[in-house]
Amino acid sequence: MKFTAAIALLLATTAPAIAQDTILYRGGPIITMDGDTPQTVEAVVTTADRITFAGPEKQARKAAGNDAAVHDLKGATLLPGFIDAHSHFTVATMSAGGLDLRAGPPVTDIAGVAAAIRDHLARAAAKPGGWTTVWQFDHETLAEKRYITRAELDAIAPDRPLVVLHVSLHGAVANSAALKAAGIDEATPVPPGGMMLRDDAGKLNGVLLEKAMFLLLAKMPQPTAEQKLAALDAAQNAYFAEGYTHAQDGATLPPDVAFLTSPAARERLRIDLALLPFSPGLDALLADPDITFGSYRGHVKLQGIKFVLDGSVQSRTGFFTRDYKRGSPEGHHPWHGEPILSEEEFIAQAKKANDRGWQLFVHANGDAAIDMAIRGFDTLGIKAADDRRPVVIHSQFQRRDQLPAYARIGVGPAYFSNHTWYWADVHRTNFPAEVVDFISPFRSARAAGLTPSNHSDYSVTPLDTRFMLWTSMARISPTGVVSGADERLNAYEALQALTTGPAWQAFEEDRKGRIKPGLLADFVILDRNPLTSPVEDIKAIRVLETIKEGRSVWRAKP
C-alpha cells in the first residue's frame with residue numbers, strides 16, 4: 001500500500017493535466033460580465049477549477065491543447081454562475097414534511113387554508129401528537145385579508161401542535177396545543193420588539209410577530225444533524241437548478257452555524273455557502289478564539305453578522321417615518337411600525353463586530369429603519385474609503401435622500417425586486433404611489449455610485465433567478481401596475497445584480513461573478529440569451545446546466 005501511494009504521488013506531481021481537467025467551451029454566446037457594458041467572447045478554456053483563457057476560439061483551441069474536452073454550447077448562452085445575495089439556505093433543509101401552501105392549488109380564503117391543512121394532516125404520515133408546520137401563509141392573498149386564528153387552528157387540530165408560518169418569516173400563528181407546548185399563555189410578557197395579537201375578548205389569538213415568534217420557534221422540535229445532512233444535497237441542488245454557484249444563509253442560528261461548519265456538512269457541500277450568524281449569538285462568537293470570518297473552510301465561510309432592525313412591510317411591522325394607512329397588524333391607528341432592536345442596542349452590538357473586523361449585514365425595510373442603520377454606521381465611523389462594505393438587506397422603502405449617505409459610507413444595498421410583483425399592490429393600500437414607486441431603486445442607486453444586488457429572500461419568494469431578472473426589468477404587479485418605470489434595469493444591469501453586484505458585496509469580486517482568466521470556473525448555461533430576449537420572455541428562460549469549479553453539478557432533464 002505504501003509503495004502504491006508513493007507511485008501515485010509521483011505520477012500526480014510529474015504527469016501533465018489529464019484531458020478531463022481542461023475544457024473548451026464554445027458554440028454559443030459567452031457573456032463575460034467583465035465591465036460596465038456587455039462583452040462577449042467566442043470561447044473559454046478552464047483547467048481544473050479555474051478559467052485559463054477567454055477570447056477568440058482559434059486562440060482558445062491553441063491554449064487548450066489537442067486533448068482538451070470540448071463543451072459545445074449548441075447555441076445556448078454561457079454566463080458566470082449566479083451569486084445569491086440574500087436568502088435562507090437552512091429553510092431548504094428544514095421544510096421537508098411540512099405543508100407548503102404555494103405548492104398546491106391556490107388558496108384564496110381562510111376556509112381554503114383550513115381545507116389544505118386538513119387534507120395534509122389526513123395524508124401525512126405524522127406520529128400522533130407530533131408538531132405540524134405550515135409554510136408560505138400570506139394573509140394579504142386571502143379574501144379576508146387577515147391571519148388565520150388560534151381558534152380556527154384548534155378546530156382543525158385540537159390535540160396536536162400546529163404552527164402556520166407567515167411567508168415573510170416574521171410571524172407565525174399557533175394553535176392552543178402549540179402555545180401550551182411552548183409555555184406561552186395569557187400572562188407571558190410580550191418581548192420588546194415583538195407583538196402578540198389578541199381577539200376582541202382580550203385573549204391571545206395565536207398570532208405572534210417578530211421577537212414574540214421566537215418564543216415559539218425556540219420550543220419547536222428541530223431536525224437532527226442527521227436529518228439536515230440527508231436534506232443537504234436536495235437543498236444545494238435546488239440552488240444549482242437556478243444557476244447559483246454561491247448561496248447565502250441570511251440569518252444563521254447557533255445550531256446551524258455548528259452544523260454547516262461541521263466536517264460532515266463541509267464534506268457534503270459543493271456549493272459555496274456564506275453564513276450570516278444572527279446577532280443574538282454574537283457574544284458567543286466573540287468569545288470563541290477559533291472563529292474566523294471571511295475565509296472558506298471547504299465550501300463554507302462565515303461572512304458577517306446579521307442584525308434585524310425592523311420587520312416586514314407586507315405584515316405592517318416595517319419601521320417607517322410615515323403612518324400605514326391601514327394601521328397596525330391589529331388595526332390600530334396611528335401606526336408607523338417600530339424597531340426590532342433599539343438604536344442603542346444595535347450600535348453597541350454592531351461596534352463589537354465592527355471592531356473585530358467582521359462585516360455588518362443589516363435588515364432594514366422601512367425608511368426609519370434605514371435611518372437607524374445610517375446613524376449606526378456613522379456612529380461607528382464607517383466610510384467608503386475604509387472598504388468595510390456594510391450591506392443593508394432589502395433597503396426596500398429607501399428615500400432618495402438616503403442614497404448619498406449610502407455612498408458616503410460605502411453601503412452595498414441588497415435590493416428585492418420581487419416585491420414589485422408579489423406585494424406592490426398591497427403596499428399601495430398603505431403608502432402613496434411615489435413611495436411605492438421607489439421600491440428597490442436600482443437605477444438611482446447605480447447613478448449614486450452604489451453597487452446593488454438583487455435577491456429572492458427565499459423562502460419569502462421562490463428560488464427563481466430568471467423571475468428575479470424579469471421583476472427588476474418589468475417592475476409590474478399582477479394587476480398591471482408598474483412600480484417606478486424609471487428604476488427599471490436593462491438585461492445587462494439585471495444580470496449584474498445577480499453576478500458582479502453580489503460578488504462585490506461578499507468581497508469575492510476577484511474570485512467569481514465574471515468570466516476572466518484566474519477566476520473560478522463557475523458557470524450557468526441558459527437556453528436563451530437574456531441580452532437579446534424580449535422583456536416578457538425573460539422569466540421563461542431555462543437553466544440548462546450549472547458548473548461549479550469546472551465540474552457539472554446540475555443538468556436539466558432532456
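Just so it is clear, the model here is predicted, and its values are computed rather than measured.
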Aromatic rings H86 and H88: how do their planes relate, parallel, tilted or perpendicular, breaks at 30° and 60°? perpendicular
Under the side chain to side chain contact (heavy atoms under 4.5 Å, CB included) test, residues paired with K539 that sit two or more places apart: F467, W470
Check: Q505 side chain, V391 main-chain N or O, donor-acceptor pair, under 3.5 Å: no
Check against side chain to side chain contact (heavy atoms under 4.5 Å, CB included), W358 and K352: CA-CA 9 Å; W358 297 348; K352 294 178 183 179; over 6 Å; no
H170 and H363: aromatic ring centres closer than 6.0 Å? yes
With side chains defined as the heavy atoms from C-beta onward, is the minimum distance between M372 and F319 less than 4.5 Å? yes
Donor-acceptor under 3.5 Å (D457 side chain, V460 main chain): no
Can you check whether W423 and H427 have ring centres sitting under 6.0 Å from each other? no
Please identify each residue that fulfils ring pair (Phe, Tyr, Trp, His ring centres under 6.0 Å) with F320, with sequence neighbours left out. Y324, F397, F431
CA sep, side-chain torsions, deciding dist, call: T149, V173, side chain to side chain contact (heavy atoms under 4.5 Å, CB included): CA-CA 7 Å; T149 66; V173 190; 5.7 Å; no
Please check if the side chain of D109 supplies one atom and the backbone of A143 the other of a donor-acceptor pair under 3.5 Å. no
Is the closest basic N to carboxylate O distance between D199 and K203 below 4.0 Å? no
Using a strict threshold of under 4.0 Å (side-chain N to carboxylate O), is an ion pair present between R399 and D371? yes
Does the pair R198/E330 count as a salt bridge with the N-to-O cut at 4.0 Å? no
How far does CG of N430 sit from CZ of R322, to the nearest 0.5 angstrom? 11.5 Å
For the side chain of Q248 and the backbone of A274, is there at least one donor-acceptor N/O pair under 3.5 Å apart? no
Does D310 use its side chain to pair, donor to acceptor, with the backbone of G318 at less than 3.5 Å? no
Do D185 side-chain atoms and K180 backbone N/O form a donor-acceptor pair below 3.5 Å? no
Under 30°, 30 to 60°, or over 60°: which ring-plane class applies to F89 and Y239, parallel, tilted or perpendicular? tilted
For G484, is there any backbone N or O sitting under 3.5 Å from a side-chain donor or acceptor partner on E487? no
T261 versus R297, side-chain donor and acceptor atoms under 3.5 Å: no
D437/R475 salt bridge by N-O under 4.0 Å criterion: no
Would you call the rings of F82 and Y244 parallel, tilted or perpendicular, taking 30° and 60° as the class edges? perpendicular
Quick one, R316 with E140, criterion salt bridge (charged side-chain N to carboxylate O under 4.0 Å, His left out). Give me CA distance, side-chain angles, the key distance, then yes/no. CA-CA 11 Å; R316 305 205 293 279; E140 290 288 359; 3.6 Å; yes
Walk me through it: do D425 and V481 pass the test side chain to side chain contact (heavy atoms under 4.5 Å, CB included)? CA-CA 8 Å; D425 288 337; V481 178; 4.2 Å; yes
NZ (K325) with more than 12 external heavy atoms under 6.0 Å: yes
Flag if over 12 foreign heavy atoms under 6.0 Å of CD, E267: no
Residue that, paired with N354, satisfies side chain to side chain contact (heavy atoms under 4.5 Å, CB included) out of Q359, Q349, R388: R388
For the pair Q398 (side chain) and S440 (backbone), establish whether a donor and an acceptor sit closer than 3.5 Å, ignoring hydrogens and angles. no
Does the plane of the ring in Y147 sit parallel, tilted or perpendicular to the ring in H166? Use 30° and 60° as the thresholds. tilted
When you measure from the side chain of S315 to the backbone N and O of S312, does any donor-acceptor pair fall under 3.5 Å? no
Keeping the roles fixed (side chain from T461, backbone from S456), state whether a donor-acceptor pair exists under 3.5 Å. yes
Are more than 12 heavy atoms from other residues, nucleotides or ligands located less than 6.0 Å from atom CZ of R146? yes
Report the distance from atom CD of E226 to atom CZ of F259, rounding to the nearest 0.5 Å. 9.0 Å
In Å and rounded to the nearest 0.5 Å, what is the CD1 to CG distance from I117 to L153? 5.5 Å
